[in-house]
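Residue numbering restarts at 1 for every chain, and letters A, B, ... go by the order of the sequence lines. Just the heavy atoms: all of them, side chains too, but no hydrogens, waters or symmetry mates, feed the values below.
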Amino acid sequence: MNVKELTDKLELTICSGEQGLTHEIKGGYISDLLSDVMGNAKEGQVWITLQTHKNIMAIASLKEVAAIILVKSRKPEQDTAEVSNDEQIPILSTPLDTFEIAGRLYKLIGD
Amino acid sequence: MEFNFNIEGGNFSHAGAASSEVKKVLKQLNVDVSLIKRIVVALYEAEVNVVAHAYEGMMKVVLSSDFIEVTITDRGPGIPDISLAMKEGYSTASPQVREMGFGAGMGLPNIKKNCDKLEIVSKVNEGTTVKMTTFFS
Ligand SMILES: Nc1ncnc2c1ncn2[C@@H]1O[C@H](COP(=O)(O)OP(=O)(O)OP(=O)(O)O)[C@@H](O)[C@H]1O
Ligand SMILES: [Mg+2]
């Protein structure tokens with residue numbers, strides 16, 4: 001499944017990085033601790049977090065994640081969105097909390 | 001080949017910039033992708049430690065056909081007890097830095113896991129030098 005299909009299925013809002021919607025999704029990772037993500041997330045995963053500042057993009061880009069999902073209707077800060085556009089890594093947003101969106105993501109792509 | 005990058009203490013909006021430049025160079029040189037992944041984790045964590053804990057620093061990258069050696073030297077408070085700092089979960093990060101999601105105390109353990117050789121030398125009230133070496137074969 002690619003990021004665009006995921007966006008449709010989970011009714012996510014596309015905040016930025018639209019050019020990366022074709023990225024293929026290879027799994028998911030959830031953490032708000034940046035060095036946990038740095039150490040354990042893998043290329044092509046969708047990263048679910050509540051952090052919205054620019055450093056999430058440094059990590060997303062170095063780790064080459066497929067996309068970021070922000071929970072509870074959070075939106076990226078302006079400079080975060082700019083890097084997301086430059087790096088072509090989409091930032092998506094959901095009104096759901098981490099538990100709910102993780103469950104739905106797992107149903108779609110888990111196992 | 002040798003490259004040098006400045007690292008600004010306290011400036012989180014540039015954190016990761018030097019690591020990202022090194023990643024580009026390694027990709028251009030066709031270094032093995034899984035090695036690049038490891039190197040990038042170690043570099044980023046060491047770079048962010050200067051931003052989070054020190055005043056200013058330098059990243060020096062030496063590339064040969066067999067290895068990459070990265071030395072990050074900073075002017076800063078230094079690390080009084082390095083073996084304690086290496087423990088997963090140990091952090092002196094400020095509440096503001098923690099709020100951003102830093103300060104899990106996982107940076108140094110990540111570095112250790114993701115390079116072949118790690119040397120840390122530190123002097124309290126002067127600064128810290130972190131030297132990471134990864135071999136290409
Ligand atoms: N360059 C440095 N200068 C001064 N102290 C440092 C430096 N690097 C690490 N430390 C000390 O070692 C501790 C552990 O570092 P480590 O990178 O493992 O965790 P952290 O930076 O606190 O959190 P995280 O890396 O998980 O965001 C730091 O909290 C700090 O006290
Ligand atoms: Mg750290």
- Message: For A/Asn55 versus B/Ala15, what's the shortest heavy-atom pair and its separation?
- Response: OD1-CB, 3.6 Å
- Should B/Val62 and B/Met59 be counted in the same cluster of Ile, Leu, Val, Met, Phe, Trp and Tyr side chains packed under 4.5 Å apart? no
- Message: Is the shortest side-chain heavy-atom distance between A/Asn40 and B/Met106 below 4.5 Å?
- Response: yes
- Do B/Phe3 and B/Met58 share a hydrophobic cluster (ILVMFWY, side-chain heavy atoms under 4.5 Å, transitive)? no
- For A/Ser61, is it the side chain, the backbone, both or neither that has a heavy atom under 4.5 Å from a heavy atom of chain B? backbone
- Task: Output the distance between atom OG1 (A/Thr52) and atom CE (B/Met100), rounded to the nearest 0.5 Å.
- Result: 9.5 Å
- Is there a path of hydrophobic side-chain contacts, each under 4.5 Å between heavy atoms of I, L, V, M, F, W or Y residues, that connects B/Leu118 with B/Val22? yes
- Task: Of all the heavy-atom pairs spanning A/Ser35 and B/Glu45, show the shortest one and how long it is.
- Result: CB-OE2, 3.0 Å
- Note on the structure: Of the listed B/Ala42, B/Ser13, B/Gly101, B/Gly105, the one with the largest count of heavy-atom pairs under 4.5 Å with chain A is B/Gly101
- Item | Flag if over 12 foreign heavy atoms under 6.0 Å of CD, A/Glu11 | no
- Query: Got a second to check how far B/Phe102's CZ is from A/His53's NE2, nearest 0.5 Å?
  - Reply: 6.0 Å
- Message: Count I, L, V, M, F, W, Y as connected when their side-chain heavy atoms are under 4.5 Å apart, and connections chain through other members. Are B/Tyr90 and B/Met86 then in the same cluster?
- Response: no
- Listed by number, the residues in residues 65-96 of chain A that come under 4.5 Å of chain B (heavy atom to heavy atom) are none
- Residues of residues 30-41 of chain B under 4.5 Å from chain A (heavy atom pairs)? B/Lys37, B/Val40, B/Val41
- Query: What is the distance from atom CG of A/Asp32 to atom CD of B/Glu99, rounded to the nearest 0.5 Å?
  - Reply: 12.0 Å
- Query: Going hydrophobic residue to hydrophobic residue with side-chain gaps under 4.5 angstrom, can you get from A/Val46 over to A/Ile14?
  - Reply: yes
- Query: Heavy-atom distance under 4.5 Å to chain A: side chain of B/Lys27, backbone, both or neither?
  - Reply: side chain
